[in-house]
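Report on the following structure.
Predicted model, so just to flag it, every value in this text is computed and none were measured.
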Amino acid sequence: MDTTPDYNELVAAALEVLLQEEVITHDVSIGIAKKIIGDGGLGKLSDNQMRVFNNYIEPLLHIKCENEDCKDEIDLADIPEAYAQQFDLGGLFCEECLYIEARIAREVEKDD
């Protein structure tokens with residue numbers, strides 16, 4: 001059985017984090033994000049709700065890695081982990097940079 005999360009599950013998980021982190025601030029967008037989470041995806045959005053998602057919410061899911069030497073975007077599946085590690089590592093990082101930053105942080109702790 002394939003347990004790989006589909007796009008709808010990844011969007012819902014990312015939106016939960018963006019709501020908790022107060023990245024989504026407009027009342028209409030907040031309501032639509034909560035609907036997507038509650039419904040488990042985009043399938044039940046009206047045309048107007050989908051337009052709001054496409055124009056105002058979906059762009060928030062494209063987060064650039066904060067490592068200045070990296071040009072990557074944080075994968076949708078990695079957004080929850082990036083935010084979970086944000087304060088410990090000092091920024092939002094893609095999967096590869098997250099691994100490197102975490103390794104550096106562990107080595108710094110070990111030296112202290």
Side-chain angles (χ1 to χ4, degrees):
M1 180 168 133
D2 183 15
T3 59
T4 305
D6 71 1
Y7 178 74
N8 284 311
E9 293 170 321
L10 295 175
V11 168
L15 291 179
E16 283 189 65
V17 172
L18 296 182
L19 285 172
Q20 289 170 354
E21 296 292 327
E22 299 180 349
V23 173
I24 302 171
T25 57
H26 189 269
D27 289 342
V28 172
S29 295
I30 290 170
I32 292 172
K34 288 180 178 179
K35 177 173 178 45
I36 292 168
I37 294 165
D39 292 346
L42 306 171
K44 295 182 181 179
L45 294 182
S46 69
D47 289 343
N48 284 338
Q49 291 169 328
M50 195 64 188
R51 197 169 12 266
V52 171
F53 174 79
N54 287 332
N55 291 324
Y56 301 103
I57 300 172
E58 199 269 341
L60 298 174
L61 298 173
H62 298 279
I63 303 167
K64 299 255 187 266
C65 179
E66 292 182 2
N67 178 344
E68 60 189 43
D69 296 327
C70 181
K71 303 293 182 210
D72 289 343
E73 189 174 282
I74 299 170
D75 288 336
L76 188 58
D78 297 327
I79 290 174
E81 183 62 23
Y83 272 97
Q85 298 290 329
Q86 174 182 12
F87 295 108
D88 291 338
L89 301 179
L92 294 169
F93 299 104
C94 68
E95 182 179 25
E96 183 177 338
C97 293
L98 189 66
Y99 172 77
I100 292 167
E101 292 292 329
R103 195 174 79 216
I104 290 169
R106 281 192 304 274
E107 290 190 17
V108 167
E109 284 179 8
K110 194 169 38 173
D111 291 343
D112 285 344

Matching residue for I57 among V23, L15, I30 - test: side chain to side chain contact (heavy atoms under 4.5 Å, CB included): L15
Any non-hydrogen side-chain atom of F93 less than 4.5 Å from a side-chain atom of I74? no
Tell me whether the count of non-hydrogen atoms from other residues, nucleotides or ligands lying under 6.0 Å of CD in E96 goes above 12. no
Pairwise distance CG(L19) to OG(S29) - rounded to 0.5 angstrom: 9.5 Å
State, yes or no, whether a side-chain contact exists between Q85 and E101 at a heavy-atom distance under 4.5 Å. no
Is the backbone of D69 close enough, under 3.5 Å, to the side chain of N67 for a donor and an acceptor to pair up by distance? yes
Donor on one side chain, acceptor on other, N48 and R51, under 3.5 Å: yes
Heavy-atom count check: over 12 atoms from other residues, nucleotides or ligands less than 6.0 Å from N55 CG? yes
Could you check if a side-chain atom of I36 sits within less than 4.5 angstrom of a side-chain atom of V11, using non-hydrogen atoms only? yes
In terms of hydrophobic clustering (I, L, V, M, F, W, Y; side-chain heavy atoms under 4.5 Å; direct or indirect links), are I79 and L10 co-clustered? yes
Indicate if I100 and I63 have the same hydrophobic cluster label, given that clusters are the connected sets of ILVMFWY residues with side-chain heavy-atom separations under 4.5 angstrom. no
Closest approach of A13 and P80, non-hydrogen atoms and distance? O-CG, 4.1 Å
To the closest 0.5 Å, what do you measure between CG (D39) and NZ (K34)? 14.0 Å
So, do F53 and L61 sit near enough that their side-chain heavy atoms are less than 4.5 Å apart? yes
Under a 4.5 Å cut-off applied to non-hydrogen side-chain atoms, are I24 and Y56 in contact? no
Minimum side-chain heavy-atom gap C94-D78 below 4.5 Å: no
When rounded to the nearest 0.5 angstrom, what distance separates CD in E21 from CG in L60? 13.0 Å
Is a side-chain N or O of D6 found less than 3.5 angstrom from the main chain of N8, in a donor-acceptor match? yes
L98 with L76, same ILVMFWY side-chain cluster at under 4.5 Å: no
I'd like to know whether CD of E95 has more than 12 heavy-atom contacts from other residues, nucleotides or ligands below 6.0 angstrom. no
